[in-house]
Amino acid sequence: MVEYSSPNTNKPLHLGHLRNNFIGYSTAEILKASGYEVRKVQIINDRGIHICKSMVAYEKYGNGETPESANLKGDHLIGKYYVRFDQEYKKEIESLTANGTSPDQAKKEAPILVEAQETLKKWEGGDPETVGLWKKMNGWVYDGFNTTYEKMGVDFDKFYYESDTYLLGKDLIEEGIASGVFYKNDDGSVWVDLESDGLDKKLLLRSDGTAVYMTQDLGTADMRHQDYPFEKSIYVVGNEQDYHFKVLFLILKKLGRKYAEGLYHLSYGMVDLPSGKMKSREGTVVDADELIDEMRDKAESKTKELGKIEGFDREQAQALYHTLGLGALKYYLLKVDPKKRMLFNPEESIEFQGNTGPFIQYTHSRISAIIRRANESDIPTDISNNSDLETQELELIRLLVQYPEKIYEAAENYAPSVIAQYVYDLAKEYNRFYTELSIFGDVDRKITSLRVVLSIQVANVLKKGLALLGVKAPERM
RNA sequence: GGCCUCGUAGUUCAAUGGAUAGAAUAGGAGUUUCCUAAACUCUAGAUGCAGGUUCGAUUCCUGCCGAGGCUACCA
């Protein structure tokens with residue numbers, strides 16, 4: 001099981017989510033290719049104080065606006081109100097502190113925050129009006145997300161929602177207390193002491209009896225294992241949660257869950273901007289939809305400039321621009337080791353030349369032209385009698401046979417970057433071969449056959465390798 | 001403060017203890033009567049600092065310097 005994406009429903013997806021989604025999707029594909037039966041799931045964070053913040057801001061300032069009336073994708077509309085909340089909140093804190101309230105107190109007492117907390121209580125109490133608004137707003141967000149997922153080319157077998165799972169895990173608390181793994185404080189709160197494992201004490205149940213994030217994740221893990229009795233379960237979640245997952249897995253082991261051995265946190269680094277970290281509340285994010293559209297446009301202008309797609313109708317051309325723009329973006333985010341933090345410079349990051357998605361796609365297109373020509377001229381594919389191979393041919397064969405072990409390596413390490421590096425090396429080597437040796441030119445027919453067969457094999461592996469990254473390989477570009 | 005990551009050409013990335021530390025990009029010089037020049041060739045350029053382990057260290061260990069993260073009865 002691979003869990004990835006798992007967004008909050010209070011703002012649109014951004015560059016960080018793109019990295020998450022691409023890593024998750026690709027890892028799932030790589031595991032499939034290495035023989036696993038894979039389920040892709042996500043757990044949507046659709047409840048909590050942050051959601052209530054958007055709801056409050058919408059009620060106060062929304063004037064009944066809808067995605068249609070605002071001509072905005074639903075997720076962007078909600079994101080607007082989330083930002084608005086933060087602006088108002090800051091204003092209130094300022095005026096409170098100006099009137100002599102201490103900053104700490106002001107942060108707690110700002111009326112708009114209090115209102116959000118009340119909204120959360122109403123939601124938890126099942127207040128029909130609050131729940132109705134929540135459903136309506138989340139529905140808009142899901143519509144927006146679905147559009148983005150489709151654009152990104154990712155999919156899921158099952159969606160989990162925190163509004164369904166946030167009460168889970170309490171049974172596990174009882175179980176843990178009974179077996180002595182957890183203990184209860186005088187105030188009624190429940191803790192686990194992991195100090196003997198080099199970690200801290202961790203709260204699992206508040207003194208008022210309500211669950212926390214960890215409790216919920218414990219319960220969700222059990223539930224998912226019942227839904228799909230997995231051998232391995234991969235959580236694709238950012239590295240700021242390293243500690244959380246360390247604790248989660250350890251607790252599950254202590255509770256004697258056998259499946260805990262197969263749990264893995266695929267921890268990936270943040271995507272930084274030259275200006276530093278992205279902060280959605282402050283609006284300093286690279287929006288996923290905008291970025292994809294920008295890349296598409298860039299692919300369009302580049303393609304038109306080169307003028308190589310004569311005969312394409314409008315639909316084919318549009319599909320190609322999307323394939324190329326998205327290919328550039330995916331490859332860019334996947335070629336880096338997932339564990340590492342990476343820098344995204346909007347001005348110059350994503351190119352179509354050099355070690356890029358389009359370079360590999362271009363190589364595939366080049367080979368496709370060769371294959372078309374070979375089919376027309378009826379080149380035999382019998383290559384049994386070749387003996388003296390050129391170094392460029394040997395080098396290609398050497399790379400081709402590595403493909404299976406690269407899949408294995410990528411699967412072992414949950415590292416799509418292994419595949420990305422490999423297809424790049426193969427494409428680069430093929431381009432050398434292509435430039436330095438003639439396929440149809442002044443050569444023996446047997447040699448032509450050999451080189452055509454080699455080309456076909458390279459095209460196959462490039463196409464399959466790119467597919468593992470979620471990147472399409474066009475036949476012309 | 002404690003814990004966890006990470007420091008490699010100007011820049012963005014490679015390199016599971018092994019040979020001369022690879023690419024791309026930016027810079028310089030070239031390649032198109034010939035299969036797609038989104039390509040190819042040549043050139044110059046890097047392991048934060050100080051120790052240690054080892055026949056051998058970008059990789060393992062220690063210290064320092066620098067960057068980021070975690071350290072909520074938030075999720």
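Just so we're on the same page: letters track the sequence lines, and every chain starts at 1.
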With no hydrogens and no angle check, is any side-chain donor or acceptor of A/Tyr25 less than 3.5 Å from a backbone partner on A/Asn20?
no
Heavy atoms within less than 4.0 Å of RNA chain B: which residues of [range] have one? Give them sorted by number.
range                       : result
residues 401-428 of chain A : A/Tyr424, A/Lys428
residues 461-477 of chain A : A/Glu475, A/Arg476, A/Met477
residues 316-330 of chain A : A/Leu324

Indicate, with a heavy-atom threshold strictly under 4.0 Å, whether [X] touches base, sugar-phosphate, or nothing.
X        : value
A/Lys339 : nothing
A/Leu343 : sugar-phosphate
A/Thr356 : nothing
A/Phe359 : sugar-phosphate
A/Ile350 : nothing

Tell me the salt bridge (charged side-chain N to carboxylate O under 4.0 Å, His left out) pairs involving residues 409-427 of chain A, sequence neighbours left out?
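Residue pairs passing salt bridge (charged side-chain N to carboxylate O under 4.0 Å, His left out), neighbours aside: A/Lys406-A/Glu409.
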Filtered N/O pairs between nucleotides 45-47 of chain B and protein, under 3.5 Å:
none

Grab the N/O contacts between the protein and nucleotides 18-20 of chain B below 3.5 Å, and write none if there aren't any.
none

Taking side chain to side chain contact (heavy atoms under 4.5 Å, CB included) as the definition, give me every residue that meets it alongside A/Glu174, ordered by chain and number, with sequence neighbours left out.
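Once residues adjacent in sequence are excluded, A/Glu174 has no partner under the side chain to side chain contact (heavy atoms under 4.5 Å, CB included) criterion.
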Is the phosphate of B/G69 approached by A/Arg341 (side-chain N or O, under 4.0 Å from OP1 or OP2)?
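Answer is no, no contact under 4.0 Å.
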Establish, with yes or no, whether the OP1 or OP2 oxygen of B/A24 is under 4.0 angstrom from a side-chain nitrogen or oxygen of A/Lys335.
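For B/A24, neither OP1 nor OP2 has a side-chain N or O of A/Lys335 closer than 4.0 Å.
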How would you list, by chain and number, every residue that makes a salt bridge (Lys or Arg N to Asp or Glu O under 4.0 Å) with A/Arg84, sequence neighbours excluded?
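Testing A/Arg84 for salt bridge (Lys or Arg N to Asp or Glu O under 4.0 Å), a comparison that skips the adjacent residues, returns A/Glu88.
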For A/Arg445, all residues meeting salt bridge (Lys or Arg N to Asp or Glu O under 4.0 Å), sequence neighbours excluded:
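Testing A/Arg445 for salt bridge (Lys or Arg N to Asp or Glu O under 4.0 Å), a comparison that skips the adjacent residues, returns none.
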Can you name the atoms? Protein N/O to nucleotides 71-73 of chain B N/O, anything below 3.5 Å, with the distance.
from, atom 1, to, atom 2, distance (Å)
B/C73, O3', A/Arg206, NE, 3.3
B/C73, O2, A/Ser207, N, 3.2
B/C73, O2, A/Ser207, OG, 3.3
B/C73, N3, A/Ser207, OG, 3.0
B/C73, N4, A/Asp187, OD2, 2.3

Please state whether the rings of A/Tyr332 and A/Phe344 are parallel, tilted or perpendicular, taking 30° and 60° as the class boundaries.
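The rings of A/Tyr332 and A/Phe344 stand perpendicular, inter-plane angle above 60°.
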Would you please enumerate the stems RNA chain B participates in, each stem being three or more consecutive Watson-Crick or G-U wobble pairs with both distances under 3.5 Å?
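Counting only runs of 3 or more consecutive pairs, the stems involving RNA chain B are B:1-7 with B:65-71, B:10-13 with B:22-25, B:27-31 with B:39-43, B:48-52 with B:60-64.
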Let me have the donor-acceptor pairs involving side chains of residues 108-122 of chain A, under 3.5 Å, with sequence neighbours excluded, atom names and distances please.
from, atom 1, to, atom 2, distance (Å)
A/Glu109, OE2, A/Gln105, NE2, 3.0
A/Glu115, OE1, A/Lys60, NZ, 3.0
A/Thr119, OG1, A/Glu115, O, 2.9

Would you kindly give the CD1-to-C1' distance between A/Ile360 and B/A39, to the nearest whole Å?
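Taking atom C1' of B/A39 as the reference, CD1 of A/Ile360 is at 14 Å.
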